[in-house]
Amino acid sequence: MSEPTRRTLLATSAASALTLGGVNFAYADTPGGDRTETVGGTLPPGSPDYAYLPVEIPRGVREIHVAYTYDRPPVPAGTQGNALDIGLFDQRGTELGGRGFRGWSGGARKEFFVRADAATPGYVAGPLDAGTWFVALAPYTVAPQGLAYTVTITLRFGASLPTPRPVYPPERAEGRGRAWYRGDSHLHTVYSDGRRTPAEVAALARAAGLDFLATTEHNTTAGHGAWAEFAGDDLLILLGEEITTRNGHVLALGTAPGTFVDWRHRARENRFGRFAREIRRAGGLVVPAHPHATCIGCNWKFGFADADVVEVWNGPFTPDDEVSLAAWDGALATGRWTPAMGNSDAHRDPDAVGTPQTVVLADDLSRKAILAGLRAGRSYVAESSAVSLAFTATDGRGRTAGIGERLRTAADEPVTVRLTVTGAPGRTVRFVTDQGVLHTAVLPAGGEGTVEWATTAAYATYVRAEVRHPATLPPLPGALAAFTNPVFLEAEEVSPGTR
């Protein structure tokens with residue numbers, strides 16, 4: 001085992017990258033057989049975010065196989081231990097933007113392979129061209145003792161098979177025309193750190209009553225070609241990626257097939273706008289995920305200026321979702337309107353696909369229409385397909401606005417806000433404005449009912465609705481069962497003498 005040396009710090013990003021001593025399979029073309037090299041070293045506390053291990057690949061290689069291990073020494077309570085992620089870049093390099101990207105598994109796998117005809121889920125099949133490849137090591141956290149690791153690289157020689165052409169799911173399903181469609185847009189499978197296959201996730205989505213789902217693997221789009229056979233007239237499958245940075249996670253939602261967005265940057269580098277533009281150029285939405293999550297690196301720190309939608313509710317409703325909801329509502333009160341959504345972020349059993357789900361009003365069941373509805377905020381979030389909402393605001397002249405829309409009316413014109421609920425027995429309805437919760441009512445035991453409240457545009461800048469479970473720790477409210485995006489009330493300017 002050889003000890004790599006630190007050679008240089010690459011200026012690929014302010015979160016600098018360390019280049020380790022390389023591995024050189026220095027021999028002539030080999031018609032068959034395997035060659036294996038093992039290297040190791042120790043990354044100290046405070047290491048750069050990424051360390052790249054160069055691997056010289058000769059001609060004639062049909063497969064590269066990489067395995068790694070690292071130590072996990074005991075640490076005092078409150079101190080982070082070791083966690084080391086891994087990925088691969090080919091001879092095109094490691095520059096920011098991912099031109100040489102060939103796969104990422106984070107900490108979910110301890111080994112992977114890449115061939116021309118196949119690859120471990122999360123990795124990109126394709127030619128193994130000669131040149132300098134790079135095994136990417138990412139010390140997520142490092143114990144005070146340092147992070148000792150070993151990497152074993154095996155090259156297998158011989159003729160390669162052709163690379164199959166990927167087949168992607170269609171961008172349109174039959175649907176029901178203009179209607180409310182249910183979806184879960186944050187899901188993981190074996191193509192990143194999930195434990196379910198695409199077939200299993202698609203079956204669970206159908207069982208949850210969903211009309212669409214989105215695949216959003218961590219830092220890889222290698223699984224985009226694995227979904228086509230599971231789409232159908234009853235299920236639209238959108239493609240995307242969860243970009244997992246050290247300063248928060250963001251969904252590239254509904255991007256064109258194969259769109260890869262780099263994650264190797266921090267908020268201090270002021271580069272996020274570049275990647276947000278890449279997502280939009282690929283036809284997708286920029287959706288900060290679980291912005292107030294408490295896991296390391298999960299809390300969103302890039303701001304919301306580039307966000308199209310924000311994931312306010314992630315998985316079973318928890319206190320960090322309550323914080324996200326309050327922060328989103330606070331932004332509404334200042335006039336910063338970013339539509340909200342909710343997703344399951346399901347990885348494995350017992351994570352429930354479709355808990356929660358976003359219900360969006362769209363012109364049809366297509367990628368373009370679903371994304372347009374989400375971007376406009378014509379949506380609400382429900383804990384399951386059993387819960388349905390209808391929410392409107394109507395003024396005295398009969399003008400009506402729905403979720404995500406604006407009702408222009410005289411400042412003192414009475415406005416009736418109306419919420420109809422099904423599937424929420426004994427839950428509490430709350431109407432929320434920029435002042436706070438101004439009206440509550442308990443639904444009947446059967447779970448169906450309509451709640452009305454009167455206000456004016458002078459009194460409420462917006463009104464949104466929540467449906468809550470009974471409180472378990474009063475005066476704190478119970479967990480959400482559903483909530484809507486707001487209806488905005490805009491006071492018309494009235495000329496003198498016109499009234």
Quiz prompt | Rounded distance (nearest 0.5 Å) linking atom CG of D351 with atom CZ of R196 | solution = 6.0 Å
Practice problem: May I have all residue pairs that pass disulfide (SG to SG under 2.5 Å) and include part of residues 161-193, sequence neighbours excluded? | Solution: none
Quiz item: Taking the side chain from W328 and the backbone from T338, do they hold a donor-acceptor pair closer than 3.5 Å?
Solution: yes
Exercise. Could you verify whether a donor N or O on one side chain and an acceptor N or O on the other, from H469 and R427, lie under 3.5 Å apart?
Key: yes
Self-check item: Point-to-point distance, once rounded to the nearest 0.5 Å, from CG of L251 to CG of N343
Solution: 6.5 Å
Quiz item: Under a 4.0 Å N-O cut-off, is there an ion pair linking R99 with E95?
Solution: no
Self-check item: Shortest non-hydrogen separation from A173 to D233 and the atoms involved
Solution: CB-O, 3.6 Å
Practice problem: Using the disulfide (SG to SG under 2.5 Å) rule, collect all pairs that involve residues 430-461, keeping only residues at least two apart or in two chains. | Solution: none
Quiz item: Just by distance, with hydrogens left out, do D321 and S324 show a side-chain donor and acceptor under 3.5 Å apart?
Solution: no
Practice problem: With sequence neighbours excluded, tell me which residues meet side-chain hydrogen bond (donor to acceptor under 3.5 Å, both in side chains) with R172. | Solution: D364
Practice problem: Would you mind reporting whether I243 and I279 have side-chain heavy atoms less than 4.5 Å apart? | Solution: yes
Exercise. Have a look at Y123 and tell me which of F113, F112, Y191 forms a ring pair (Phe, Tyr, Trp, His ring centres under 6.0 Å) with it.
Key: F112
Quiz item: Under a 4.5 Å cut-off applied to non-hydrogen side-chain atoms, are L361 and R178 in contact?
Solution: yes
Quiz item: How far apart are the closest heavy atoms of P169 and I237, and which atoms are they?
Solution: CG-O, 3.8 Å
Self-check item: Closest approach of F304 to P291 (non-hydrogen atoms, all atoms of both residues)
Solution: CZ-CB, 4.1 Å
Self-check item: Polar contact flag, side-chain donor to acceptor under 3.5 angstrom, D184-S344
Solution: yes
Quiz item: Will you find, in the side chains of T294 and D320, an N or O donor that is under 3.5 Å from an N or O acceptor?
Solution: no
Exercise. Can you spot which of V467, L389, V432, L325 makes a side chain to side chain contact (heavy atoms under 4.5 Å, CB included) with F483?
Key: L325
Quiz prompt | Centroid separation F302 to H265 less than 6.0 Å | solution = yes
Quiz item: Considering all heavy atoms of both residues, which atom of A252 and which atom of V261 are nearest to each other, and what is their separation?
Solution: CB-CG2, 4.4 Å
Quiz item: So, S366 side chain and A369 main chain: donor-acceptor pair closer than 3.5 Å or not?
Solution: yes
Practice problem: Determine, for R399 against E490, whether the closest basic-nitrogen to carboxylate-oxygen distance falls under 4.0 angstrom. | Solution: no
Exercise. Could you tell me which residues satisfy side-chain hydrogen bond (donor to acceptor under 3.5 Å, both in side chains) with D329, sequence neighbours excluded, listed by chain and number?
Key: Y462, R464
Quiz prompt | Closest heavy-atom pair and its distance - G283, L371 | solution = O-CD1, 3.2 Å
Quiz item: Side-chain contact, heavy-atom cut-off 4.5 Å: D211 with L235?
Solution: no
Self-check item: Under-4.0 Å salt bridge between K368 and D363
Solution: no
Practice problem: Kindly say whether G97 contributes a backbone atom to a donor-acceptor pair with the side chain of D262 at under 3.5 angstrom? | Solution: yes
Quiz prompt | R264 with D49: basic N within carboxylate O range, under 4.0 Å | solution = no
Quiz item: Are E217 and T189 linked by a side-chain donor-acceptor pair shorter than 3.5 Å?
Solution: yes
Practice problem: Ignoring hydrogens and angles, tell me if any N or O in the side chain of R102 forms a donor-acceptor pair with the backbone of V124 under 3.5 Å. | Solution: yes
Exercise. Please confirm whether the backbone N or O of A410 pairs with a side-chain atom of E413, one donor and one acceptor, at under 3.5 Å?
Key: no
Quiz item: So how far is it from Y68 OH to L84 CG, rounded to the nearest 0.5 Å?
Solution: 5.0 Å
Quiz item: Does one side chain, of T450 or T420, offer a donor that lies under 3.5 Å from an acceptor on the other?
Solution: yes
Quiz item: Where the side chain of N247 meets the backbone of K301, is there a donor-acceptor pair that is under 3.5 Å apart?
Solution: no
Quiz item: Do S384 and R182 have side-chain N/O donor and acceptor atoms under 3.5 Å apart?
Solution: no
Practice problem: State yes or no: are the ring centers of Y380 and W180 separated by less than 6.0 Å? | Solution: yes
Practice problem: Kindly state each residue pair satisfying disulfide (SG to SG under 2.5 Å) with at least one member in residues 279-354, sequence neighbours excluded. | Solution: C295-C298
Exercise. May I ask you to establish whether R367 and Y181 are in a cation-pi arrangement, using a distance under 6.0 Å from NZ or CZ to the six-membered ring centre and at most 45° from the ring axis?
Key: no
Practice problem: Without swapping roles, check the side chain of H218 against the backbone of G106 for a donor-acceptor pair under 3.5 Å. | Solution: no
Exercise. Using modelled atom types only, decide if a donor and an acceptor are shared between the side chain of T163 and the backbone of D117 within a distance under 3.5 Å.
Key: no
Practice problem: Rounded to the nearest 0.5 Å, what's the gap from CZ on R430 to CG on L438? Could you check? | Solution: 10.5 Å
Quiz prompt | Taking every non-hydrogen atom, the tightest pair across D306 and G273 | solution = OD2-CA, 3.7 Å
Self-check item: Spacing of OG1 belonging to T456 relative to CG belonging to D395, to within rounding of 0.5 Å
Solution: 11.5 Å
Practice problem: Report yes or no: is the cationic atom of R72 (NZ for Lys, CZ for Arg) under 6.0 Å from the centre of the six-membered ring of Y70, at an angle within 45° of the ring normal? | Solution: yes
Quiz item: When you look at F488 and W337, which way does the ring pair (Phe, Tyr, Trp, His ring centres under 6.0 Å) test go after all the steps?
Solution: CA-CA 10 Å; F488 293 93; W337 162 224; 5.1 Å; yes
Quiz item: Restricting to pairs with a member in residues 363-445, which pass disulfide (SG to SG under 2.5 Å), not counting sequence neighbours?
Solution: none
Practice problem: Any chance you could measure R418, atom CZ, to W453, atom CH2, to the nearest 0.5 Å? | Solution: 14.0 Å
Quiz item: So E492 and R397, salt bridge (charged side-chain N to carboxylate O under 4.0 Å, His left out) or not? Walk me through it.
Solution: CA-CA 13 Å; E492 291 178 334; R397 287 173 281 178; 3.7 Å; yes
Exercise. Indicate yes or no for a side-chain donor-acceptor contact from T358 to the backbone of G342 under 3.5 Å, with no hydrogens or angles considered.
Key: yes
Quiz prompt | Any donor-acceptor pair under 3.5 Å from H439 side chain to V437 backbone | solution = no
Quiz item: Side-chain contact, heavy-atom cut-off 4.5 Å: H65 with E111?
Solution: yes
Quiz item: So which of H188, H290, H186 actually passes ring pair (Phe, Tyr, Trp, His ring centres under 6.0 Å) with H249?
Solution: H290
